Amino acid sequence: MGALAHAESYTLHLDPASVITYEATTPFERWRGQAPVASLSGSFDDRDVAGSLRLTVTLEPGAFRSGIAIRDINAQRTVFRTDAYPLITFTLTQAELAGPLPPGSTQAARVTGTLAMHGVERTITVPVTVRRAQNALTATGAFAVRLSDYDMHRPSFLFVTVDDTVRLEFDITARLEPG
């Protein structure tokens, strides 16, 4: 633990409890699905966290589970088309923090990056709450995506179509390793 107290540069390693949750709706129903984060790579330097932060987060959309197997299978085949697009990736391009992020602190921040999903890449900016522990960094937040922005099919059943806007929530923790 002493090494963390004096380190300035850190490598980020995924905590397996990290998850992404979606919330989809129709005019008559609202449901959620959740998937573990598949991978995370990144690093930062304490001397300039916002300027030095590098981060890539990857999700396997085939891992989403809503509690209804037929819904999940349909989403994998027709919405995400996991056979052709097995990964969703967010690559950070800019982080905005109010200042230093010492152990024990929490900050509201904004991150901008490229969200690559279903063969389409778009720049998004997301509000994030960042909590720093002695040996971990946790980011939580939510944002909305339009399926049509990513050329994704909106499923329907008996003339009821899923709304174009889907809410995504994330709770991602990375262990910090000096270096």
Side-chain angles (χ1 to χ4, degrees), residues 1 4 7 9-25 30-67 72 75 79-80 87-118 121-147 149-150 152 163-178:
M1 196 179 315
L4 285 175
S9 296
Y10 297 93
T11 302
L12 305 175
H13 298 279
L14 179 65
D15 180 318
S18 300
V19 294
I20 307 287
T21 303
Y22 76 82
E23 182 176 273
T25 58
R30 177 180 310 266
W31 69 94
R32 297 167 65 87
Q34 191 172 80
V37 173
S39 68
L40 176 148
S41 63
S43 62
F44 72 93
D45 189 306
D46 262 339
R47 295 167 290 199
D48 180 14
V49 176
S52 66
L53 182 61
R54 304 292 175 256
L55 179 68
T56 300
V57 177
T58 303
L59 172 72
E60 296 173 353
F64 275 120
R65 297 295 178 262
S66 69
D72 299 336
V79 180
F80 293 112
L87 301 175
I88 297 172
T89 303
F90 174 79
T91 303
L92 180 91
T93 56
Q94 180 181 2
E96 298 173 31
L97 295 162
L101 191 62
S105 66
T106 299
Q107 277 193 41
R110 288 170 35 107
V111 295
T112 299
T114 302
L115 181 62
M117 181 166 59
H118 202 256
E121 293 184 356
R122 293 201 175 268
T123 299
I124 63 169
T125 299
V126 179
V128 178
T129 299
V130 181
R131 291 185 313 276
R132 167 93 181 261
Q134 185 65 32
N135 61 353
L137 195 64
T138 299
T140 58
F143 61 100
V145 296
R146 291 178 34 191
L147 297 177
D149 286 347
Y150 292 89
M152 297 173 77
D163 292 343
D164 190 33
T165 301
V166 174
R167 178 179 165 85
L168 295 171
E169 300 171 5
F170 54 92
D171 186 343
I172 301 171
T173 298
R175 290 180 296 103
L176 304 180
E177 180 178 305

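Numbers here simply count residues along the sequence, with the first being 1. What you are looking at is a predicted structure, and each value in this text was computed from that prediction instead of being measured.
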*asked:* So that I can tick it off, tell me whether R175 and E177 are bridged by a salt bridge, with the cut-off set at under 4.0 angstrom between side-chain N and carboxylate O.
replied: no
*Does Q107 use its side chain to pair, donor to acceptor, with the backbone of P100 at less than 3.5 Å?*
yes
*In Å and rounded to the nearest 0.5 Å, what is the CG to CD1 distance from L168 to I88?*
7.5 Å
*For the atom pair OG1 (T173) and CG (L12), what is the distance rounded to the nearest 0.5 Å?*
11.0 Å
*Mind listing the closest non-hydrogen atom pair of P36 and L59 along with its distance?*
O-CD1, 3.3 Å
*Indicate the atoms forming the closest heavy-atom contact of L176 with Y10, along with that distance.*
CB-CD2, 3.8 Å
*Y22 and S66: which non-hydrogen atoms are nearest, and at how many Å?*
OH-CB, 3.6 Å
*Residue pair V111 / Q94, side-chain heavy-atom distance below 4.5 Å*: no
*Just wondering, do V130 and V49 contact through their side chains at under 4.5 Å, heavy atoms?*
no
*asked:* For R65, is there any backbone N or O sitting under 3.5 Å from a side-chain donor or acceptor partner on D72?
replied: no
*Taking all non-hydrogen atoms of both residues into account, name the closest pair between D46 and L101 and its distance.*
OD1-O, 4.3 Å
*Pairwise side-chain contact, R47 with S9, heavy-atom cut-off 4.5 Å (strictly under)*: yes
*Decide yes or no on side-chain contact (heavy atoms from CB on, under 4.5 Å) for L87 and E60, but give the supporting numbers first.*
CA-CA 5 Å; L87 301 175; E60 296 173 353; 3.7 Å; yes
_Once you measure the plane-to-plane angle for F170 and F143, does it fall in the parallel (<30°), tilted (30-60°) or perpendicular (>60°) bin?_
tilted
_Set out, in order, the CA-CA distance, both residues' side-chain angles and the distance that settles side-chain contact (heavy atoms from CB on, under 4.5 Å) for M117 and V145, then state yes or no._
CA-CA 11 Å; M117 181 166 59; V145 296; 4.3 Å; yes
*Report the distance from atom OG of S43 to atom NE2 of H13, rounding to the nearest 0.5 Å.*
10.0 Å
_Modelled atom types, side-chain donor and acceptor of D171 and T140, under 3.5 Å_ = no
*Could you pull out the closest heavy-atom pair between A50 and L97, with the gap in Å?*
N-CD1, 3.8 Å
*How far does CZ of R54 sit from OG1 of T11, to the nearest 0.5 angstrom?*
13.0 Å
*Neighbour count above 12 (heavy atom, 6.0 Å) for Q34 CD*: yes
*More than 12 heavy atoms of other groups within 6.0 Å of R110 CZ*: no
*Rounded to the nearest 0.5 Å, what's the gap from OG1 on T25 to CG on D163? Could you check?*
3.5 Å
_Looking at every non-hydrogen atom in both residues, tell me the closest pair between E121 and T114 and how far apart they are._
CB-CG2, 3.8 Å
*Report yes or no: is the cationic atom of R132 (NZ for Lys, CZ for Arg) closer than 6.0 Å to the six-membered ring centre of F44, at no more than 45° off its axis?*
no
*asked:* What I'd like to find out is whether the side chain of M152 reaches to under 4.5 Å of the side chain of F80, using heavy atoms alone.
replied: yes
_Could you measure the distance from the CD1 atom of I172 to the CG atom of L137? Nearest 0.5 Å is fine._
10.5 Å
*Student check: side-chain heavy atoms of I20 and F64 closer than 4.5 Å*: yes
